[in-house]
There are 2 protein chains.
Amino acid sequence: MTPARPYHHGNLRQAVLDEAVAVVRERGAAELSLREVAAAIGVTHAAPRRHFPGRQELLDALAVEGFTRLGVRLREAVDASPGYPARIHAVATAYLDFATAEANLVELMFAHKHGADGEAVGRSAEAAFAPLLQVFRQGEAEGLLAGRSPDRLALILLATLQGLAGLVNCGVAPADQVGVLVDEAVARFPHAAGSSAAR
Amino acid sequence: MTPARPYHHGNLRQAVLDEAVAVVRERGAAELSLREVAAAIGVTHAAPRRHFPGRQELLDALAVEGFTRLGVRLREAVDASPGYPARIHAVATAYLDFATAEANLVELMFAHKHGADGEAVGRSAEAAFAPLLQVFRQGEAEGLLAGRSPDRLALILLATLQGLAGLVNCGVAPADQVGVLVDEAVARFPHAAGSSAAR
DNA sequence: ACCTGAACACCGTTCAAGT
DNA sequence: ACCTGAACACCGTTCAAGT
């Protein structure tokens, strides 16, 4: 019943995660060093081993945390908008805001090299994308999808947003045109604001 | 006038690049070690320094090589197809073939951390995407774009393809549905095969 | 259970020296 | 010009030992 008895930090696992997130945010996953993280929070380099057996496990945990944060943002964006077409634009904007603000973390999340906890990462990713799926299923229920598969449309929108964020983050797409590009990308989904009606 | 006099390998730079590409292809950029590459081709670890001052410069050179290869594939796909709408599908398929077959290399190419040679990487990327731009400009010239900007459409298609490849490579999108997803994604561009006519 | 401290093999980078 | 060999600081991982 006693809350996790503090030794040095109350919760070493969370302290490691927080510091690691900060390093990834500033310098990228490639620069993440277990020894540096341990030193920064004042423990020896072998202490975090009880919580993260190796570097890969820490990276996986960071990916899960990233997907959880992303999922919250997408959920908020969906809930804050009224109906089907508006929600597509809202969730798309929220996605690009997160993916450009947390470029290094998102790059880590989508790195296709995950360890034994790969399933956990995959599950957290699916959970994060659930709001996006919900929007298209709502659109289908309202007969706005012209017979197209809501799951496939959601996957393609997701790909477009993730790809757009990647192009912006690596400098191929101009950052100051993100808004216009999102508008143009979103407009190409059935009955979104300014889609085929613009012809 | 004498061709680059061979010392140990005829061309150490190319030998390093070839070995490095092989390592990245098999194990990913994170596992790339300059010392291991040097040992594999039979020189000491400091020998490649004349060609690649540091690890970052080698990674940049690998990215340039990757974009060059990608550009060749896209160019071939465009040239092998007859007109505007068919070429979109051809270039999209070629892109996903390359990006899924060379997952590790593509991940390196789009990593947003490049060194002092960042401009060179950017220029090679632009050159690789030129065939894609050409297709949409051709479509515009034929009046098939409904007034939309060919450059923006090209960027959005590129984002969708790159995002799709990333989702497939990290396991979010099922690999056996790539064909269907490409069809669906491409169908949403003006006058592509099976686009709005399918309604 | 949680953490320390020493050890091992590996890495990127630097540099004086060879041919 | 091109390459060697030694050195330095750093890293991930392992493990016996402490409390």
Side-chain angles (χ1 to χ4, degrees), chain A residues 1-24 26-63 104 108 111 113-117, chain B residues 1-24 26-63 104 108 111 113-117:
Chain A
M1 293 296 268
T2 51
R5 175 173 46 93
Y7 198 93
H8 274 155
H9 298 85
N11 193 343
L12 179 58
R13 185 188 148 87
Q14 194 58 45
V16 170
L17 272 178
D18 290 345
E19 177 64 24
V21 165
V23 172
V24 168
E26 291 166 18
R27 312 208 303 270
E31 303 283 340
L32 182 67
S33 151
L34 290 182
R35 294 178 99 108
E36 183 194 346
V37 167
I41 61 181
V43 294
T44 56
H45 62 271
R49 198 175 187 278
R50 300 287 151 179
H51 303 282
F52 307 101
R55 195 182 126 94
Q56 187 63 58
E57 283 76 12
L58 176 56
L59 291 176
D60 289 350
L62 289 175
N104 286 332
L108 164 74
K113 269 293 182 189
H114 290 303
D117 299 343
Chain B
M1 292 298 269
T2 51
R5 176 172 45 93
Y7 198 94
H8 274 154
H9 298 87
N11 194 345
L12 179 57
R13 185 189 148 88
Q14 195 58 45
V16 169
L17 272 178
D18 290 346
E19 177 65 24
V21 165
V23 171
V24 168
E26 290 166 19
R27 312 208 302 271
E31 303 282 340
L32 182 66
S33 149
L34 290 181
R35 293 178 100 108
E36 184 193 344
V37 168
I41 62 180
V43 294
T44 56
H45 62 272
R49 199 176 185 277
R50 299 288 152 181
H51 303 282
F52 308 101
R55 195 183 125 95
Q56 186 63 59
E57 283 76 13
L58 176 56
L59 292 176
D60 288 351
L62 289 175
N104 286 333
L108 163 73
K113 269 293 182 189
H114 289 304
D117 298 345

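Residue numbers start from 1 in every chain, and the chains themselves are labelled A, B, ... in the order their sequence lines are given, proteins ahead of strands. Because the structure is predicted, anything quoted here is derived from the model rather than measured.
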query: Got a donor-acceptor pair under 3.5 Å from the side chain of His51(B) to the base of dA1(D)?
result: no
- Query: Does a side-chain heavy-atom distance below 4.5 Å link His45(B) with Leu34(B)?
  - Reply: no
Taking dT14(D), dC3(C), dC3(D) as options, the one with an atom nearest any side-chain atom of Ala46(A) is dT14(D)
Partner of dT19(D) under the Watson-Crick or G-U wobble criteria, both distances under 3.5 Å, comes out as dA1(C)
Taken to the nearest whole Å, CZ/Arg49(B) to P/dC11(C) is 18 Å
| request: Give Arg55(B) one of three labels, base, sugar-phosphate or nothing, depending on what nucleic acid heavy atoms sit under 4.0 Å from its own. | output: sugar-phosphate
Here the distance between atom C1' of dC2(C) and atom CD1 of Ile41(A), to the nearest Å, is 13 Å
His45(A) atom NE2 is separated from dT4(C) atom P, nearest whole Å, by 10 Å
Here the distance between atom P of dC11(D) and atom CD of Gln56(A), to the nearest Å, is 18 Å
Phe52(B) atom CZ is separated from dC3(D) atom C1', nearest whole Å, by 16 Å
When rounded to whole Å, the CG to C1' distance for the pair Leu58(B) and dG12(C) reads 12 Å
Taking a pair to mean Watson-Crick or G-U wobble geometry with both distances below 3.5 Å, dT13(D) pairs with dA7(C)
In terms of heavy-atom contacts, Val37(B) and Ala20(B) come closest through CG2-CA, 4.3 Å
- Query: Would you say the side chain of Val16(A) lies within less than 4.5 Å of the side chain of Arg13(A), judging by non-hydrogen atoms?
  - Reply: no
Taken to the nearest 0.5 Å, the spacing of Glu36(A) CD from Ile41(A) CD1 works out to 11.5 Å
- [ ] Check if the side chain of Arg35(A) and the base of dT13(D) share a donor-acceptor pair of N or O atoms closer than 3.5 Å.
- [x] yes
- Query: Are OP1 or OP2 of dC10(D) and a side-chain N or O of Ser33(A) less than 4.0 angstrom apart?
  - Reply: no
Considering only heavy side-chain atoms of Thr44(A), the closest of dG5(C), dA6(D), dG12(C) is dG5(C)
Taking every heavy atom of Phe52(A) against every heavy atom of Leu58(A), the minimum-distance pair comes out as CD2-CA, 3.8 Å
Of Gly54(B) and Arg50(B), the one whose nearest nucleotide on DNA chain C sits closer to the 5' end is Gly54(B)
Rounded to whole Å, CG of Leu34(B) lies from C1' of dC11(D) at a distance of 15 Å
When rounded to whole Å, the CZ to P distance for the pair Arg13(B) and dC2(D) reads 12 Å
inquiry  = Mind checking if Leu32(B) touches a base, just sugar-phosphate, or nothing, with heavy atoms under 4.0 Å?
reply    = sugar-phosphate
Checking dG5(D), dC11(C), dC11(D) against the side chain of Glu36(B) (C-beta onward), the nearest is dC11(C)
